[in-house]
Amino acid sequence: MNRILGKTQIFLLIPALWFGTESFALILSSLPLERGYAKIKAVSEFDLSSYTIPPDQQKSVIEKFCSEMAKEFKRYSWHQAPCEGVEWHAQLKTNGNHPLLYTTFGEGVNTTLVLGGVHPDELTPIHLAFRFARHLQANPSIYKDKGIRVVVAPVVNPDGFLRKRPTRTNTSDVDLNRNFLTFDWYRDALKSWSKKLYVTRFFPGYFPNSEIETVFQNILLETYQPAKNLSIHAPLGFYDYDGPGDKLTKPLTPLEEDAKLLVQRVSEKSRNYRIVDYSFYPGSLGNLAGKQRRIPTLTLELETTDPKLVDVYWKKFLPGFNQSVQFPYKWEPSLR
Ligand SMILES: [Zn+2]
């Protein structure tokens with residue numbers, strides 16, 4: 001609260017208390033926002049030049065990043081080098097000068113986008129996302145000649161991970177899973193943050209899509225048009241589903257039935273990991289991709305952020321990961 005509640009605001013709180021709690025909330029939120037609007041360096045989708053890695057530098061930037069990541073992995077006693085054996089791509093870099101890494105496997109319209117490290121302080125998802133990429137590289141039979149494509153972006157928020165102490169947010173203190181342009185963003189994102197007592201780690205940004213990491217995820221969604229998304233988080237301990245058929249019971253359309261079957265099959269393959277209908281937030285991926293664009297979007301919440309448990313989670317969730325990419329979900333372009 002200290003960084004938000006300045007002296008000026010304390011003076012302004014007195015009339016706010018006089019006028020009631022609504023004004024109180026308004027004044028509390030508007031001043032840091034004004035300050036933010038003045039200093040914010042938002043990313044324009046039309047000018048990505050300062051975030052672009054020149055093609056002739058991409059290879060060396062990725063190599064340097066991968067060795068930095070390998071060093072960081074050792075901190076958690078994760079001994080396998082994360083990038084090993086996989087052909088990575090990165091055209092964009094963050095404010096912290098780290099590449100936004102991704103890779104693709106196979107060809108086809110049955111495309112799954114797998115995201116890790118949106119909230120790097122959760123640790124375990126980053127390990128699993130890199131490991132899944134290496135697994136796909138080593139086991140092409142999962143997708144090859146089956147019309148299956150998998151896109152993996154294992155560490156969406158590298159700046160947050162490579163800090164001395166990993167953080168949920170990026171270098172601009174933005175929670176990337178609140179920064180997507182959803183229909184309710186302008187109406188609700190900052191209001192919803194105020195309910196979290198303006199705690200920085202949930203800050204949705206001053207604008208939607210203000211962060212390069214959000215723009216990066218949007219580009220992946222646009223470029224690869226995934227039929228489904230799997231985003232790995234921790235530590236809430238369930239699968240959350242957003243997409244066709246969400247919150248509905250019968251009668252369902254064939255597409256909604258298929259989407260719900262996908263969730264059920266993935267859960268079954270993950271030792272019947274529980275599925276929970278968790279509320280979604282303004283600016284979240286589940287809201288944008290699942291609710292608005294009707295792309296089945298699974299958020300896996302691992303049970304803990306304990307780096308010692310990654311082998312346990314790998315064994316438990318790998319069959320579910322494979323199921324999520326192999327499930328033959330047919331999306332309808334007219335719905336996008
Ligand atoms: Zn998370």
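On a predicted model such as this, the values are computed, not experimentally measured, just so you know. In listed order, ligands and their atoms are each counted from 1.
The nearest N/O/S atom of His233 to the Zn ion (ligand 1) is ND1. Residue Glu122 approaches the Zn ion (ligand 1) most closely through its N/O/S atom OE2. The N, O or S atom of His119 with the smallest distance to the Zn ion (ligand 1) is ND1.
Contact check for Trp314 versus Arg131: side-chain heavy atoms found under the 4.5 Å cut-off. Between Thr94 and Leu100, the closest side-chain pair of non-hydrogen atoms falls below 4.5 Å.
In this structure, Tyr206 has its ring center closer than 6.0 angstrom to the ring center of Phe203.
Screening residues 75-120 for disulfide (SG to SG under 2.5 Å), with sequence neighbours left out, gives Cys66-Cys83.
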